[in-house]
Amino acid sequence: MSPLLAELAKGATVKAAAARTGTDPALAEVMAQEYAALGLLQLPGQPQVCTTCHANSKKGLARLGCAGCPFAR
Amino acid sequence: MSCPHCSPEPRPKDAGIQVSTLEHPVVALVGNPNVGKSSLFNNATGLHQEVRNAPGTTVEMLSGVWKSAGVELFDLPGTYSLLAKSPDEQVTVDALAGRLDRQPSLAVVLLDATSLPRSLYLLGQVARTGLPVVAAMTMCDVAAAEGRLPDAARLQDVLGIPVVAMDGRKQPAELAVAVKGALTGDAHVRGVRGTPLPADATLEEQLADAQSLFVWTEDVQRQLGTPADTHAVTRSDRIDRVLLHPWVGIPVFAFLMWALFQLATTVAAPVMDWAESLVTGPVTTAVSAILSAVGLGGGLIEGLLVDGILAGVGTVFSFAPLMFIMFLAIAILDDSGYLARAAFVADKAMRAIGLDGRALLPLIVGFGCNLPALAAARALPDARQRFVTAIVVPYTSCAARLTVYILLATVFFGPNAGSVIFLMYVLSILMVIVAGLVLRKVTGAGVNRQPLLMVLPAYQVPRPLVLLSEAGKRTWGFMTGAGKVIIITLTVVWLLLAVPVRGGYTVGDVPIEDSAYGATAEAIAPVFAPAGFGNWQSASALMTGFVAKEVVVGAFAQAYAVDEPEDAAEPGTLGDKLTATFDASSGGHAGAAALAFMIFVLTYTPCLATLAEQWRMLGPRVTLAATGTQIAVAWLLAVAVFQLLKLVW
């Protein structure tokens, strides 16, 4: 787990996690968005991800965050 | 919007249409949104532009001839990343891979001088595709004014590709020269492997790839000597130091949950009464008056309309203020940024039963009323979490069930009534835990292995108008969805109560024990004999309790033809009759039977409104299966408790 991700896992805003890890805030924002796109974390205000999910028909595209979801299998 | 966990499907290569017959090499213009890409495109191509939709999408793409560079320029949709999350971004990804048109020979990547790390990451991703790259640095005037304009020459040295500082108001002549040169030379970004990940790359490989580009981006910044933006301690940081501290955060969380509980009970109750009285008072009087005026008063039609349909409407109306208050309170907690913190505080404990921290809020609200608890569960982002939470919420002992506990505990346990009621709440929590653990097994192994990873939002002042509107819409959704089921079922219950099955009574004027309802209660009463309360009065109270637990005490009073006690803690004549009935049906173990009855009340269907909401959330099959299981579990528990206690008590 990257240091930024580890800080976010402890409970932090992106800015706070960036400050604690010495990451540029703009880069930290990009990193958080990429982690979210990979399904590793949820961003504030992220849409209710499962309501329109078609993961069961696209198994190859299921992300890490879908690991606990029965529809992603 | 589709699930961001699932990227849009890349298009097959033959899905593209060949619209260009030009011999010019294709150059793709790539950049973050709002960094001057369109200005650059317009300045480069002038009037030689063509607008069309990307094949198979409604996403517009611009192409045009850049004469001074001798290329056909494609203006691709702005994106922050090539890990596409929207159809627009997927068009950019597909175009760079040559899946939409001709394969680009080169990419011009715009670098936002005011936010270089963000642009550098995209540059790294484009370089990863293997394309030669030229960088065009925009927003230079803004960055210069802020005193943080990167040195283009130094950046060129570090990146190993041409870097041109742009002036958006001028023709991009210098960039045209750089593009021409790069087309014949080697313009590959230093430090980035120019081989894209295979299409079947695993998630771990994708993560490792992204990670390596983050490291590269930081390395470029370091070589540039650009000082990272300093981070001032924000108000959110200061608040979080307190609220995320275990010794402070948990009590604050507990207090807010207590306040929510109060909202669902004490505060909402008078408003609910007022809303119901509006229907049962003036509206009912008006309907009765109209029916009398047209000669239909006092008969079956008035009974059906007033005691059936209007009673159902009254119930729905009585719940509406509660739902609105809860929706609004939850929305305020969410919008302020606190709900995410509460989820973090609760996550560890909740994960033990297969749920994450976000599920705690609905469960706590459930101790006030199960209905808004289900509404709160709808906001959970994960389908499995919603499913498990919606199934276990009915085991949280709502305030309505408390009236039944008070009545029976007072009658049968006297000075120990308080302890017995406390025991019911302990049992309620145990049921939630056990049901959660069972559902974790049933819904699949490995459930919720992922820790709750969510970025905490900054605190903000809640937006009143937005939240009021949202709460209003959700309340209306409840009234039109669950409301229909409630009205229909209450009408059916009235019909059963109105139809006599013996004694020569007329329809609508029949004592409960001689109605179809009473006869049904009598028929099912033997089912409860093993639990010690196999009498028709208890069966009828449970049937009515299926509709709403608030009316169980009233149903007992109606069955015994005594006045409903003003205070359940002072049962009077009703207490004597209950003692006699339970004593008879339990063979002299009235206390054990009463406890079994209370456990049944705790663990079977909480109320019709909750059932209707579950129906809306989970669909008929799951709801019916869950309800059946719940009733079976309730019966087994009641029987087990009675039979065990009978041995020692």
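Here is the naming used below: chain letters follow the sequence lines, and residue numbers restart at 1 for every chain. Computed from heavy atoms alone, side chains included, the values below leave out hydrogens, waters and symmetry copies.
- In the displayed structure, B/Asn34 atom CG is contacted under 6.0 Å by at most 12 heavy atoms of other residues, nucleotides or ligands.
- Rounding to the nearest 0.5 Å places CD of A/Glu34 at 3.5 Å from OH of B/Tyr121.
- Neither the backbone nor the side chain of B/Glu89 comes within less than 4.5 Å of any heavy atom of chain A.
- Atoms CD1 and OG1, from B/Ile239 and A/Thr13 in turn, are 11.0 Å apart once rounded to the nearest 0.5 Å.
- Ranked by heavy-atom pairs under 4.5 Å with chain B, the list A/Ala17, A/Ala32, A/Ala12 is led by A/Ala12.
- Heavy atoms only, all atoms of each residue included: A/Gly11 and B/Leu244 are closest at O-CD1, 3.5 Å.
- Of all heavy-atom pairs spanning A/Ser2 and B/Gln211, the tightest one is CB-NE2, 3.5 Å.
- To the nearest 0.5 Å, atom CG of residue B/Leu120 and atom CG of residue A/Asp24 are 10.0 Å apart.
- For the atom pair OG of B/Ser119 and CG of A/Leu27, the computed distance is 11.0 Å after rounding to the nearest 0.5 Å.
- Note that NZ of A/Lys15 and CG of B/Leu456 are 14.5 Å apart. Values are rounded to the nearest 0.5 Å.
- Note: A/Leu38 CG to B/Gln206 CD = 5.5 Å, rounded to the nearest 0.5 Å.
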